Amino acid sequence: MNFINFAHGEFVMLGMYVALVMTWIHAGPEAFGPAAMVALFLLGVLVYLSLIKHVTRGPMLSQILSTFGLALLLALFRLRVFQIGFSARSPIAGWPAPLTSAAYTFGKPQLVAGLIAGLLALGMHLLLTRTALGSRLLAVAEDRSAAMLMGIRPDRMQALAWGLSAASAGIAGALLANVYPFSPEVGQTFALTAFVVVALGGFGSVPGAMIAGIAIGLVEALAAYRLGPIYKDVVVYGLFVGVLWVRPQGLLGKL
């Protein structure tokens with residue numbers, strides 16, 4: 001929708017805390033993703049109707065400041081509701097023992113998260129490229145006025161886009177809650193990484209984001225193993241700048 005959302009990482013953070021709430025009612029890890037998806041979809045639609053709708057046609061600075069303020073609001077909301085403080089929480093236990101072979105050990109939370117992430121990316125790509133709903137979403141993104149002339153309701157499509165975006169982030173947070181320590185500040189880390197992934201893959205390209213996400217994950221893991229964890233971000237951002245220097249539109253983006 002041509003809108004930079006600096007609160008996207010906070011949606012991931014809230015997905016983690018939805019998973020935490022599910023443990024309070026003794027739900028298993030298989031319920032974390034669906035619960036976070038529903039909760040964050042509703043939040044995404046609410047955010048669009050109450051905030052984004054009113055600034056989307058304004059200058060870029062107002063758009064950036066609105067989502068930046070939203071990110072702070074969501075982090076403070078988490079503090080107020082959960083009253084756990086700023087300290088990080090350990091990952092939520094719940095999955096059975098890891099899968100082992102003669103030479104390798106595979107954690108089930110990581111395998112499940114990777115599989116679901118791949119299926120979600122494929123589903124999002126097919127939704128945008130193979131369905132009438134996806135065509136309407138892309139039409140609004142391309143030209144809002146022309147879409148209105150074709151009988152498409154832009155506000156409805158943009159609300160749906162924000163709902164889908166927040167729901168995807170919520171599922172990611174629910175999956176990460178099993179493997180990643182989390183706190184109110186964790187969203188900032190995820191937001192920056194997500195921005196790098198989308199820019200590297202090419203804005204508006206789901207396959208590009210998928211390829212860039214896998215590449216950055218591999219680079220982070222190898223850099224942390226070879227150079228140490230404190231240098232992995234330096235390598236990632238250096239690679240990011242280098243690729244955009246040669247190809248400013250990203251891997252699969254268009255100028």
Side-chain angles (χ1 to χ4, degrees), residues 5-47 67-96 98 107-121 123-124 162-198 209 213-214 216-217 220-221 224 229 232-233 236:
N5 178 20
F6 283 97
H8 196 72
E10 270 59 38
F11 289 159
V12 177
M13 178 268 294
L14 290 179
M16 290 178 149
Y17 281 94
V18 169
L20 177 63
V21 170
M22 296 303 292
T23 64
W24 294 350
I25 60 175
H26 307 290
E30 63 278 357
F32 295 171
M37 177 183 67
V38 173
L40 271 295
F41 179 86
L42 296 175
L43 177 63
V45 173
L46 177 62
V47 165
T67 56
F68 183 75
L70 176 64
L72 295 177
L73 178 64
L74 292 177
L76 294 174
F77 170 80
R78 201 288 314 174
L79 281 173
R80 180 66 176 175
V81 171
F82 290 92
Q83 297 182 355
I84 303 175
F86 285 93
S87 58
R89 290 188 58 88
S90 300
I92 299 173
W95 290 99
K108 285 188 177 179
Q110 290 89 338
L111 288 175
V112 171
L115 176 62
I116 294 178
L119 292 175
L120 282 175
M124 188 69 71
W162 273 82
L164 291 174
S165 174
S168 300
I171 295 174
L175 295 171
L176 284 168
N178 292 287
V179 297
Y180 200 96
F182 54 98
S183 68
E185 296 82 17
V186 75
Q188 301 171 12
T189 301
F190 291 134
L192 185 58
T193 302
F195 184 79
V196 170
V197 166
V198 172
I214 294 174
I216 286 178
E220 280 188 341
K232 66 177 184 178
D233 290 336
V236 167

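For clarity, every value in this text was computed on a predicted model and none was experimentally measured.
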Looking only at non-hydrogen atoms, find the nearest pair between [X] and [Y] and report the distance.
X      : Y     : answer
Phe190 : Gly9  : CB-CA, 4.3 Å
Ala27  : Phe32 : O-CE2, 3.8 Å
Gly170 : Ala36 : O-CB, 3.3 Å

Report the distance from atom [atom1] of [X] to atom [atom2] of [Y], rounding to the nearest 0.5 Å.
X      : Y      : atom1 : atom2 : answer
Ile116 : Leu111 : CD1   : CG    : 11.0 Å
Phe6   : Leu70  : CZ    : CG    : 12.5 Å
Glu10  : Met13  : CD    : CE    : 5.0 Å
Ile216 : Asp233 : CD1   : CG    : 10.5 Å
Met37  : Leu164 : CE    : CG    : 10.5 Å
Trp162 : Asn5   : CH2   : CG    : 3.5 Å

Task: For Leu175, the option from Asn178, Val179, Ile171 that meets side chain to side chain contact (heavy atoms under 4.5 Å, CB included) - done: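 Among Asn178, Val179, Ile171, the one that satisfies the side chain to side chain contact (heavy atoms under 4.5 Å, CB included) with Leu175 is Ile171.
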
Open item on the list: Does any part of the side chain of Leu43, heavy atoms only, come nearer than 4.5 Å to the side chain of Val47, both counted from C-beta?
Closed with: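 A side-chain contact under 4.5 Å exists here.
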
Task: Qualifying residues under side chain to side chain contact (heavy atoms under 4.5 Å, CB included), relative to Leu72, sequence neighbours excluded - done: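 Once residues adjacent in sequence are excluded, the partners of Leu72 under the side chain to side chain contact (heavy atoms under 4.5 Å, CB included) criterion are Phe68.
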
Open item on the list: Tell me every residue that passes side chain to side chain contact (heavy atoms under 4.5 Å, CB included) with Ala35, counting only those two or more places apart in sequence or in another chain.
Closed with: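 In terms of side chain to side chain contact (heavy atoms under 4.5 Å, CB included), with neighbours along the sequence ignored, Ala35 is linked to Val18, Met22.
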
Open item on the list: Does Phe195 form a side chain to side chain contact (heavy atoms under 4.5 Å, CB included) with His8? I'd like the steps, not just the answer.
Closed with: CA-CA 9 Å; Phe195 184 79; His8 196 72; over 6 Å; no

TODO: Determine whether the aromatic ring centres of Phe77 and Tyr17 lie less than 6.0 Å apart.
DONE: no

